Amino acid sequence: MIIYRADWILPIAGDPMADGWVAIEHGRIAGVGVGGRPDAVDLGDVVILPALVNAHTHLELSHLRGAVPPADRFLDWIGGVMAARRRFPNAEDPTILQAASAAVEEARASGTGLVGDVSNTLVTVPLLREASLPARVFYELLGFDVDDPVGLVREARARVDRIDDAHGNVRISLAPHAPYSVSRALFTAIRDDLDAHHGDVSSVHVGESVDEVEFIARGTGGWRDLLTGLGVWTDTWQAPGVSPAKYLTDLGFLDSRVLAVHGVQCDGEDLSRLHTLGTTVVSCPRSSRYVGVGDPPLEAFYAMGVKVAFGTDSLAGVADVNMFKELAAARRIAPRVSARHLLESATLCGARGLGFGEQFGSIEQGKQAALIAVRLPGPVSDVEEYLLSGIEPVAVTWLDREDPKSQIQNPESR
Ligand SMILES: [Zn+2]
């Protein structure tokens with residue numbers, strides 16, 4: 001057993017502890033408390049907290065970092081992504097794999113210990129396992145005009161079953177892309193698969209752009225044009241005539257086992273619905289701005305009691321996968337939300353949403369010891385608020401390292 005003492009411990013499950021300690025044994029948290037422990041390794045001026053949770057990213061798009069410029073309109077950005085992806089037709093292109101691996105390392109170096117990774121190809125599964133980065137990988141399906149949605153899901157499930165390890169730290173489940181790219185029947189087939197796999201959770205992009213709102217309300221606009229251009233528009237599809245979140249609610253797709261990603265366009269009724277369903281909204285503030293959909297109504301999410309998690313989204317729409325930067329963006333957008341709530345979103349809420357709430361997201365006895373120490377500049381009056389200031393990787397040390405104390409004292413030596 002090893003015990004670390006720190007100026008601050010942030011259990012997330014309870015109040016911040018000044019002059020606290022945490023004990024680790026066999027990779028698990030054996031205890032946490034306050035007060036002197038002569039047997040502890042003193043890490044000094046740091047705050048120990050659970051590793052952050054990036055609840056939404058697309059690691060397989062990491063090679064597109066900087067390749068698609070920021071847009072004023074989401075359709076322009078997504079068009080750029082589609083064009084850029086076409087330049088790499090082979091899913092196992094070394095460029096793709098190397099960039100994804102580098103992003104995994106970057107995530108860990110900046111204090112992320114669990115990711116929700118959306119993948120159309122599943123190439124990230126072995127990379128995450130090799131890097132020992134726990135993850136829920138969402139095998140994302142698209143199909144607006146699919147002949148056999150049940151068959152499509154059956155094939156996807158068979159592929160998942162060949163590589164999934166339900167007890168491991170990298171677990172795979174199925175997820176639909178978005179209301180404008182997935183047919184009703186495909187949504188239903190994916191939901192049926194989710195109902196048949198009790199440990200799974202799913203995810204869907206919803207309420208991201210105003211174009212999506214128009215398309216689901218009236219069947220018109222940029223999405224209709226894009227689907228027509230792609231040759232997948234079908235006259236059998238009728239516009240639901242409601243908001244995207246209400247559409248997915250009416251379909252029976254959303255509940256507490258589904259992450260609703262973005263929700264930028266959600267109104268009060270949508271948020272009330274998501275609150276009632278127990279659905280976690282995953283907000284990606286930096287990406288939302290980059291891709292031209294505007295800022296998420298973060299303060300309304302919290303005011304309505306909606307569960308909120310955070311994600312960086314893909315490197316095609318954000319500069320890095322540092323969740324501390326995402327938290328800093330959230331703080332700018334939502335100055336009235338407490339630091340504690342924002343930090344809980346970036347840890348425990350994300351872990352729960354990804355189906356890992358029993359293992360990660362807080363410092364509690366028995367949980368996996370995925371813990372980080374963030375170096376403080378000296379005494380800070382509000383340690384929670386300090387963690388929203390945009391912490392750089394150089395200030396982050398993992399406690400599972402061989403000698404975290406020397407790492408904290410010599411941060412440039414890494
Ligand atoms: Zn996404």
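Quick caveat, the model's predicted, so the values are computed rather than measured. For ligands, and for the atoms within them, numbers begin at 1 and follow the listed sequence.
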H56: its N/O/S atom lying closest to the Zn ion (ligand 1) (atom name): NE2

Contact flag H205/the Zn ion (ligand 1), N/O/S atoms, threshold under 2.8 Å: yes

Under 3.5 Å donor-acceptor, R331 side chain and A334 backbone: yes

Geometric class of the H58/H205 ring pair [parallel <30°, tilted 30-60°, perpendicular >60°]: parallel

Contacts of type side-chain contact (heavy atoms from CB on, under 4.5 Å), residue P134, not counting sequence neighbours: L114, N169, F360

H262 backbone or side-chain N/O/S under 2.8 Å from the Zn ion (ligand 1): no

Atom of D313 nearest the Zn ion (ligand 1) (restricted to N/O/S, atom name only): OD1

Sequence-distant partners of D165, salt bridge (Lys or Arg N to Asp or Glu O under 4.0 Å), two or more places apart: none

